[in-house]
J.: 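Quick one: this structure, given as structure tokens, is what I'll be asking you about.
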Amino acid sequence: MNVNSIVVLKLVLFIYWPWLVNSEGEQNRLLVNMTLVQNASALGAYCLDGSLPAYHLHRGFGAGADNWLLQFEGGGWCNDIKSCLDRSKSNHGSTRYMNKWEVFSGILSNNASFNPDFYNWNRVKIRYCDGASFSGDAKFYNGTSMLYFRGQRIWQAIILDLLPKGLGHAKKAMLSGCSAGGLATFLHCDNFTSYLPKNASVKCLSDAGFFLDERDIALNHTMRSFYEDLITLQGVEPNLNQNCTSTLYYPHLCFFPQYALPYIETPFFILNSAYDVYQFHHILVPPSSDPRRHWDHCKLNVTACDASQLNILQGFRNDMLATLRDFYQNSTRDGMYINSCFTHCQSETQETWFAVGSPRIHNKTIAETVGDWYFSRNISKEIDCAYPCDTTCHHMI
């Protein structure tokens, strides 16, 4: 190799090395310690098992020192006593079982090469331990077992703990979340805004949280029934958007983002796959809808889906886009990124958030599109072509 080639190679490595290094490697891992909310008990804010709620905070710096990003952790739900008791003995129902250190990557990274718009903000990961997307307010006791359904109080306790730490004088802020945490963003977006200064720029982002009210392949409303049981068990309905619940004949439907979205006043960004793997497996084709397990191979590997199954999946995508049509066409303050990858949650993983091989729509990464939307640099509404046209996807199946 001649001298000129070596110089060129060094220049290329200098420019692209931050992207080429695996962000999950030891040399780039940002580990952030857990903070227990010691005053939570005064509000009766407990995890399912009675342990204190928690979050992880990594301080901002420089121009981002007065800006805040809060990220709800995801992790499904529980809708009956048995599943909630089981959950209370796991890291999704108790801080006693959680890792005390969390890796901050993707939208939580502190590296400008990995997270160009939010790297120097105060970044908070809110741990999930209630099983109802931070929205319940009830308690169960049968003489032997106690369960605290206190997600709404956990949310309040964490906000009150963060306000004196600088959140109370934020200049810019964003509430985000993944999966069940993405759903929590729909539920708490306007409430988040109410805690912050009137002149603050406040926006919300849901990643993989746009769970559809959709019939499964057996034409049953499996997810609607699941949510209805959850809402009743955990006392969620009083904490749903009151403008929504006062309008719909079935108020519990306001737990679904598509019904709550029209009433959210804060600017909102929806990041979702049109073929979201969780929704594919639990809303469209839950086990109860496929007793003969005809879909097993398709669920494990999309290339194994037959023509009929692919047609049903394309129908699901069409229904999602139809549900979002008004949001796409008539909202000027909001943003969206709906890609065609068989995946679930894309903002916390470096490879899908911002890297050389990240998913792209019209050659724009998720991070670039979200940043353009938040800072009003460009119109930020991207819809991917239908599967299998997108060759940039990181498929989970």
Side-chain angles (χ1 to χ4, degrees), residues 34-56 72-100 102 125-161 177 179-181 183-184 186-188 191 209 211 220-242 245 250-256 278 281-283 286-288:
M34 175 186 284
T35 299
L36 291 174
V37 184
Q38 299 296 340
N39 293 330
S41 56
L43 295 175
Y46 301 108
C47 297
L48 285 171
D49 72 330
S51 58
L52 292 175
Y55 60 85
H56 303 252
F72 284 119
E73 183 180 30
W77 309 271
C78 61
N79 71 334
D80 57 34
I81 296 302
K82 182 184 183 305
S83 63
C84 289
L85 279 172
D86 290 343
R87 189 181 182 96
S88 71
K89 300 167 188 175
S90 76
N91 62 315
H92 289 307
S94 170
T95 50
R96 296 186 180 102
Y97 299 100
M98 291 179 181
N99 292 330
K100 302 306 183 279
E102 276 289 296
K125 183 167 187 176
I126 301 174
R127 301 306 299 267
Y128 183 34
C129 65
D130 65 281
S133 289
F134 299 87
S135 65
D137 193 4
K139 185 169 68 173
F140 168 81
Y141 182 63
N142 64 358
T144 56
S145 300
M146 175 83 80
L147 287 170
Y148 293 90
F149 303 124
R150 296 289 174 79
Q152 182 73 22
R153 300 192 197 194
I154 289 173
W155 159 245
Q156 293 168 347
I158 288 176
I159 287 292
L160 293 176
D161 203 62
S179 190
L183 176 56
F186 286 100
L187 301 177
H188 294 298
N191 182 246
F211 296 96
N220 296 315
H221 278 294
T222 299
M223 202 63 186
R224 185 186 289 189
S225 298
F226 181 93
Y227 278 165
E228 187 171 1
D229 291 342
L230 179 156
I231 289 163
T232 301
L233 176 69
Q234 297 215 29
V236 170
E237 189 173 315
N239 299 317
L240 298 177
N241 187 300
Q242 293 185 357
T245 57
Y250 297 108
H252 64 270
L253 290 177
C254 295
F255 196 72
F256 281 101
Y278 182 91
H281 290 187
H282 298 276
I283 296 180
S288 61

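Just the heavy atoms: all of them, side chains too, but no hydrogens, waters or symmetry mates, feed the values below. Quick caveat: nothing in here was measured; it's all calculated off a predicted structure.
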J.: Please give me the minimum heavy-atom distance between Leu230 and Val236, naming the atom from each residue.
T.: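 Of all heavy-atom pairs spanning Leu230 and Val236, the closest is CD2-CG2, 4.0 Å.
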J.: Can you list every salt bridge (charged side-chain N to carboxylate O under 4.0 Å, His left out) pair that touches residues 88-99, not counting sequence neighbours?
T.: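 Listed once each, the pairs are Asp49-Arg96.
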J.: Working note: Arg224 + Phe256, criterion side chain to side chain contact (heavy atoms under 4.5 Å, CB included); need CA distance, chi angles, decisive distance, verdict.
T.: CA-CA 9 Å; Arg224 185 186 289 189; Phe256 281 101; 4.2 Å; yes
J.: Considering residues at least two apart in sequence or located in another chain, which fulfil the side-chain hydrogen bond (donor to acceptor under 3.5 Å, both in side chains) criterion with Asp137?
T.: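 Partners of Asp137 by the side-chain hydrogen bond (donor to acceptor under 3.5 Å, both in side chains) criterion, ordered by chain and then number, come out as Arg153.
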J.: If the condition is salt bridge (charged side-chain N to carboxylate O under 4.0 Å, His left out), which residues does Asp86 pass it with, not counting sequence neighbours?
T.: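 With sequence neighbours excluded, Asp86 shows a salt bridge (charged side-chain N to carboxylate O under 4.0 Å, His left out) to Lys82, given in chain and number order.
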J.: Please round to the nearest 0.5 Å and tell me the distance separating atom CG of Leu52 and atom OG of Ser41.
T.: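 Going from CG on Leu52 over to OG on Ser41, the span is 6.0 Å.
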J.: For Arg87 and His92, indicate whether the former's side chain and the latter's backbone hold a donor-acceptor pair under 3.5 Å.
T.: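 Yes; judged by distance alone, with no hydrogens or angles, the pair exists.
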J.: Can Asn220 and Thr222 be said to form a side-chain hydrogen bond (donor to acceptor under 3.5 Å, both in side chains), step by step?
T.: CA-CA 5 Å; Asn220 296 315; Thr222 299; 5.2 Å; no
J.: What pairs with Arg127 under side-chain hydrogen bond (donor to acceptor under 3.5 Å, both in side chains), at least two apart in sequence or on another chain?
T.: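 Per chain and number, Arg127 pairs via side-chain hydrogen bond (donor to acceptor under 3.5 Å, both in side chains) with His56, Glu73.
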J.: Evaluate Asp130 against Cys47 for side chain to side chain contact (heavy atoms under 4.5 Å, CB included), listing each step before the verdict.
T.: CA-CA 5 Å; Asp130 65 281; Cys47 297; over 6 Å; no
J.: So, using side chain to side chain contact (heavy atoms under 4.5 Å, CB included) as the criterion, who are the partners of Pro251 when residues are at least two apart?
T.: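 Pro251 satisfies side chain to side chain contact (heavy atoms under 4.5 Å, CB included) with Glu237, Thr245 once adjacent residues are dropped.
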J.: Mind listing the closest non-hydrogen atom pair of Leu183 and Ser133 along with its distance?
T.: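 Leu183 and Ser133 have their closest heavy atoms at CD2-OG, 3.7 Å.
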J.: Are any of the side-chain heavy atoms of Met34 and Glu102 separated by less than 4.5 Å?
T.: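 They are not in contact (no side-chain heavy atoms under 4.5 Å apart), so the answer is no.
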J.: Going by heavy atoms in the side chains, are Asn39 and Leu160 under 4.5 Å from each other?
T.: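 No - every pair of side-chain heavy atoms lies 4.5 Å or more apart.
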J.: Can you sort out the partners of Tyr97 under side chain to side chain contact (heavy atoms under 4.5 Å, CB included), two or more places apart, ordered by chain and number?
T.: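 Expected list: Asn91, Ser94.
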J.: Any non-hydrogen side-chain atom of Asn239 less than 4.5 Å from a side-chain atom of Leu187?
T.: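 A side-chain contact under 4.5 Å is absent here.
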J.: How long is the span from the CZ atom in Arg150 to the CG atom in Leu48, to the nearest 0.5 Å?
T.: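 The CZ atom of Arg150 sits 11.0 Å away from the CG atom of Leu48.
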J.: Could you grab the distance from atom CG of Asn191 to atom CD1 of Ile159, nearest 0.5 Å is fine?
T.: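 Going from CG on Asn191 over to CD1 on Ile159, the span is 7.5 Å.
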J.: Output all residues satisfying side chain to side chain contact (heavy atoms under 4.5 Å, CB included) with His188, sequence neighbours left out; order by chain, then residue number.
T.: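 His188: side chain to side chain contact (heavy atoms under 4.5 Å, CB included) contacts with Phe72, Phe134, Gln152, Trp155, Leu175, Ala184.
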J.: Quick one: side-chain hydrogen bond (donor to acceptor under 3.5 Å, both in side chains) partners of Ser135, sequence neighbours excluded?
T.: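 Residues passing side-chain hydrogen bond (donor to acceptor under 3.5 Å, both in side chains) with Ser135: none at all.
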J.: If you round to the nearest 0.5 Å, how far is OG1 of Thr35 from CD1 of Ile158?
T.: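 Reported to 0.5 Å precision, the distance equals 10.0 Å.
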J.: Within a strict 4.5 Å, meaning less than it, do heavy atoms of the His221 and Glu228 side chains meet?
T.: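 His221 does not reach Glu228 side chain to side chain.
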J.: How long is the gap from CZ on Phe140 to OH on Tyr148, to the nearest 0.5 Å?
T.: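 Answer rounded to 0.5 Å: 13.0 Å.
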J.: Is the closest side-chain heavy-atom distance between Ser145 and Leu85 below 4.5 Å?
T.: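 Contact flag for Ser145/Leu85 side chains = yes.
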J.: With a 4.5 Å limit on heavy-atom distance, are the side chains of Lys139 and Leu147 in contact?
T.: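 A side-chain contact under 4.5 Å is absent here.
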J.: Any side-chain heavy-atom pair from Cys78 and Gln234 closer than 4.5 angstrom?
T.: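 Cys78 reaches Gln234 side chain to side chain.
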J.: Let me see the working for Trp77 and Tyr128 under side chain to side chain contact (heavy atoms under 4.5 Å, CB included), right down to the final yes or no.
T.: CA-CA 10 Å; Trp77 309 271; Tyr128 183 34; 3.4 Å; yes
J.: Could you pull out all residues at least two apart from Asn99 that satisfy side-chain hydrogen bond (donor to acceptor under 3.5 Å, both in side chains)?
T.: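 Here no residue qualifies.
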J.: If the condition is ring-ring contact (aromatic ring centres under 6.0 Å, His included), which residues does Phe255 pass it with, not counting sequence neighbours?
T.: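 Phe255 satisfies ring-ring contact (aromatic ring centres under 6.0 Å, His included) with Tyr227 only.
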J.: Identify, with sequence neighbours excluded, every residue that meets side chain to side chain contact (heavy atoms under 4.5 Å, CB included) alongside Asn241.
T.: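 By the side chain to side chain contact (heavy atoms under 4.5 Å, CB included) rule, Asn241 matches Asn243, Cys244, Tyr263.
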J.: Between Phe211 and Ser179, is any pair of side-chain heavy atoms under 4.5 Å apart?
T.: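 They are in side-chain contact.
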J.: For Phe149, which residues count as a ring-ring contact (aromatic ring centres under 6.0 Å, His included) partner, sequence neighbours excluded?
T.: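 Once residues adjacent in sequence are excluded, Phe149 has no partner under the ring-ring contact (aromatic ring centres under 6.0 Å, His included) criterion.
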J.: Could you give me the CA-CA distance, side-chain angles and deciding distance for Asn79 and Leu233, then say whether side chain to side chain contact (heavy atoms under 4.5 Å, CB included) is met?
T.: CA-CA 7 Å; Asn79 71 334; Leu233 176 69; 5.5 Å; no
